[in-house]
There are 2 protein chains.
Amino acid sequence: MSKPKLGDVAARAGVSPTTVSRVLNNRGYLSQRTREKVYDAMRELGYRPNAIARSLKGQRSRMVGLVFPTVANPFYAEMVYRIESFLADAGYRVILCNSDDHPDLEEQYFEMLLSNQVDGIITGAHSQVVANLPHVQAPLVTVDRPGTQKYPNIRADNYAGARMAVEHLVATGARNILHITSTVSEQNLRLAGYRDALTAAGMTPQVLELGFRTPLPRKRELIERYLKESTAGERADAVFASNDTYAAMALNWARTRNLCVPQDFQVVGFDGTETVRALIPELATVVQPIEQIATRAVQRLLQTIESGRQGRPDDTPSPHESDKEQQGSTADVFPVHLHEGGTLRAITVSS
Amino acid sequence: MSKPKLGDVAARAGVSPTTVSRVLNNRGYLSQRTREKVYDAMRELGYRPNAIARSLKGQRSRMVGLVFPTVANPFYAEMVYRIESFLADAGYRVILCNSDDHPDLEEQYFEMLLSNQVDGIITGAHSQVVANLPHVQAPLVTVDRPGTQKYPNIRADNYAGARMAVEHLVATGARNILHITSTVSEQNLRLAGYRDALTAAGMTPQVLELGFRTPLPRKRELIERYLKESTAGERADAVFASNDTYAAMALNWARTRNLCVPQDFQVVGFDGTETVRALIPELATVVQPIEQIATRAVQRLLQTIESGRQGRPDDTPSPHESDKEQQGSTADVFPVHLHEGGTLRAITVSS
DNA sequence: ATGAAAGCGCTAACAT
DNA sequence: ATGTTAGCGCTTTCAT
């Protein structure tokens with residue numbers, strides 16, 4: 001028999017399908033003898049319950065969709081790794097979607113996930129697609145960047161992190177601090193932190209915007225050209241980058257030019273993934289607590305899923321919805337810390 | 001209505017469920033008018049087909065399971081990213097499983113995937129669990145390391161890559177070449193390549209084995225201690241590492257010690273992911289064609305899935321099974337190339 | 001060109 | 001403590 005089904009087990013054990021189902025789910029009254037008979041039959045047949053059928057019947061799939069730009073980026077990779085691990089522990093499977101920062105793809109993926117009856121979605125996608133989802137049928141949690149107020153957002157304190165990094169640079173005496181980022185926008189809190197810190201110090205922001213979907217080699221070119229030009233006139237002596245890859249590129253450029261790091265040129269990145277810290281331990285960076293963010297995102301999602309399963313027999317919005325969201329928006333910002341590698345000078349206590 | 005179903009659409013359009021299904025699947029004869037009526041009804045209701053129900057009925061889920069040690073490792077991250085992209089293009093969704101090099105977890109994941117009726121599995125898991133899977137009901141393709149002869153294996157030419165790297169080191173005049181690897185075993189072809197190259201050059205292999213599940217910081221300690229000891233007595237002047245992370249750690253150690261790279265100390269890694277090459281472009285490494293491997297793995301899987309869907313009404317093994325596998329085992333090894341970064345000396349043509 | 005009815009594999013009332 | 005029955009949402013013969 002190719003794929004034994006519950007009925008086959010029942011027949012073999014000489015009981016009804018219901019009984020087998022009960023054994024499977026450990027529900028209701030079962031005599032010990034029956035249990036054993038059923039287990040034996042299962043083993044003999046190599047029975048494996050069909051999760052698809054269970055989902056259809058039970059109105060829950062125990063699947064969660066993950067929509068992120070690309071797991072090829074270490075930050076998202078570690079995030080996805082963590083999220084998957086926590087969800088697996090909780091008995092959920094994960095459908096992975098790499099949206100490549102592409103709004104169309106993102107939307108398709110959301111459609112697909114809902115079609116697949118996922119119990120929830122965690123997304124760190126960049127575009128505003130999330131905000132425009134009409135009524136998503138599944139609980140949704142955003143990570144890293146707030147797509148909208150409609151859903152809880154879990155993230156690091158990007159603004160504080162950026163400010164801390166730039167203020168540190170200022171304190172070390174850097175006079176000409178450049179910023180490299182993917183995209184310039186209102187929501188870019190790292191950029192905001194940089195700007196505010198610079199302005200407070202009486203300096204002028206200088207920002208290089210690379211775009212999200214620019215290929216890596218091209219980004220590298222852009223960074224090198226920008227640095228070359230910036231060091232030509234008024235000499236740039238520090239870079240604060242919105243992620244570690246850009247920071248590494250700046251650092252590599254400086255080394256190629258035989259600039260003395262950190263004496264003549266300082267670099268600070270953002271993210272502080274384990275990957276990058278293992279590869280370039282000397283790179284100073286603002287470290288995000290990825291594991292904490294992941295844990296919290298999963299918690300929030302699971303609690304929404306569970307609460308949704310009990311109450312709300314119809315589509316009446318649950319009472320505390322807005323409260324919960326407010327909670328979410330404010331409480332789910334995690335502190336970061338500055339990893340002071342060799343690419344950043346220590347602050348000398350001035351007298 | 002919370003979640004409109006096919007029947008609701010039918011009612012609204014004034015047709016039978018069958019007709020709606022036909023429109024959905026674009027099958028059979030449909031009048032243009034009917035088509036439009038149905039489409040309108042779908043739009044008005046915000047209908048979204050239930051993929052779970054489709055799977056149950058259709059005996060195919062269009063889901064593929066991915067079992068890899070951890071997507072937190074850039075190599076697997078890029079592999080998974082590529083595989084997911086190709087599969088998405090082909091209309092398949094991906095269930096991601098991080099097995100953490102843990103045989104028990106691996107086994108659980110395989111069980112889970114089969115329970116979820118995946119149409120196939122692609123795995124780069126380390127353990128031998130794959131070999132012992134009794135009769136996996138789904139097509140399976142292994143990637144990177146051959147778990148067994150039972151399934152096709154797609155990978156880079158690890159042996160040739162290692163040999164090439166080590167022979168290059170020998171040719172540059174390195175006299176004391178260490179190897180750092182995760183695990184020493186018969187199947188470790190990078191290790192084999194290293195050994196053979198060294199032996200051929202009349203040198204003695206010296207291998208540091210770190211283990212798979214050792215935490216990164218601990219690995220770093222082990223590497224540094226090993227290098228310290230090795231440079232104390234007979235001075236080590238080169239490291240060939242089985243991946244770029246180990247290579248980077250060796251490199252960082254050398255820099256800390258103010259060894260001149262590559263004059264006094266050379267380093268070559270393995271994998272050559274885009275991530276690492278962006279972060280440490282100067283690191284010499286054996287580059288695997290990840291995208292090619294991913295494409296081929298997906299191709300192989302899809303072709304097996306498709307072929308399985310037509311013939312074979314029962315569980316008779318399909319006739320050409322062994323042939324296909326032989327093909328797979330031999331033809332699916334991809335050539336690598338050596339990226340000569342600044343951590344490797346050029347070969348001087350001797351007279 | 002369209003519809004009726006059965007069933008994919010499982011679970012949950014509702015019996016007994 | 002166990003069995004009967006209906007049905008989750010969809011597709012698919014087999015009619016008409």
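Treat the numbers as computed from the prediction; the structure is a model and nothing was measured. Labels below follow one simple rule: chain letters A, B, ... track the order of the sequence lines, proteins then strands, and each chain is numbered from 1.
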*asked:* Does A/I52 reach a base, just sugar-phosphate, or nothing at all? Heavy atoms under 4.0 Å.
replied: nothing
*Counting any heavy atom closer than 4.0 Å, what does B/S21 reach on the DNA or RNA strands: base, sugar-phosphate only, or nothing?*
base
*Name all pairs fulfilling the ring pair (Phe, Tyr, Trp, His ring centres under 6.0 Å) condition that reach into residues 37-70 of chain A, sequence neighbours left out, sorted by first residue then second.*
A/F68-A/Y76
*A/R27 CZ to C/dC10 P, straight-line distance once rounded to whole Å*: 15 Å
*For residues A/R82 and B/N98, determine if any side-chain heavy atom of one lies less than 4.5 Å from a side-chain heavy atom of the other.*
no
*Would you give the length of the straight line joining atom CD1 of A/I293 to atom CE of A/M79, rounded to the nearest 0.5 angstrom?*
4.5 Å
*Between C/dT11 atom C1' and A/L24 atom CG, what is the distance in whole Å?*
10 Å
*Over how many whole Å does the gap from A/N26 atom CG to D/dT2 atom P extend?*
14 Å
*Going by an N to O cut-off under 4.0 Å, is there a salt bridge joining A/D40 and A/K37?*
no
*Find the distance B/L56:CG to D/dT12:C1' and express it as a whole number of Å.*
14 Å
*Whole-Å distance separating the CD atom of B/Q59 from the C1' atom of D/dC10*: 12 Å
*In whole angstrom, give the distance that lies between atom NZ of A/K5 and atom P of C/dG7.*
12 Å
*asked:* Of the listed nucleotides (C/dA1, D/dC10, D/dT12), which one gets closest to any side-chain atom of B/T34?
replied: C/dA1
*asked:* Please confirm whether the shortest side-chain N or O distance from A/N25 to OP1 or OP2 of C/dT11 is below 4.0 Å.
replied: yes
*salt bridge (Lys or Arg N to Asp or Glu O under 4.0 Å): pairs with one or both residues in residues 14-33 of chain B, sequence neighbours excluded*: none
*Would you mind listing every salt bridge (Lys or Arg N to Asp or Glu O under 4.0 Å) that reaches into residues 86-111 of chain B, with sequence neighbours excluded?*
A/R48-B/E111
_Side-chain heavy atoms of A/L6 within contact of A/L24, under 4.5 Å_ = yes
_Inter-axis angle, terminal five-pair segments of the helix from C/dA1-D/dT16 to C/dT16-D/dA1 [nearest 10°]_ = 40°
*asked:* Output the rounded distance in Å from CZ (A/R60) to C1' (C/dC10).
replied: 15 Å
*Got B/Y92 and B/L302 here, is their nearest side-chain heavy-atom distance under 4.5 Å?*
yes
*Starting at CZ of A/R54 and ending at C1' of D/dG9, how long is that distance when rounded to a whole Å?*
19 Å
*asked:* Let me spell it out: for each of B/V20 and A/Y29, pick the nucleotide of DNA chain D with the closest heavy atom. Which residue's pick is nearer the 5' end?
replied: A/Y29
Interface polar pairs with nucleotides 3-6 of chain D, N/O, under 3.5 angstrom:
{"from": "D/dG3", "atom 1": "OP2", "to": "A/S16", "atom 2": "N", "distance (Å)": "2.8"}
{"from": "D/dG3", "atom 1": "OP2", "to": "A/S16", "atom 2": "OG", "distance (Å)": "3.1"}
{"from": "D/dG3", "atom 1": "OP2", "to": "A/T19", "atom 2": "OG1", "distance (Å)": "2.7"}
{"from": "D/dG3", "atom 1": "O6", "to": "A/R22", "atom 2": "NH2", "distance (Å)": "2.5"}
{"from": "D/dT4", "atom 1": "O4", "to": "A/T18", "atom 2": "OG1", "distance (Å)": "2.6"}

*Could you list all the ring pair (Phe, Tyr, Trp, His ring centres under 6.0 Å) pairs where at least one residue sits in residues 100-132 of chain A, not counting sequence neighbours?*
A/H126-A/F212
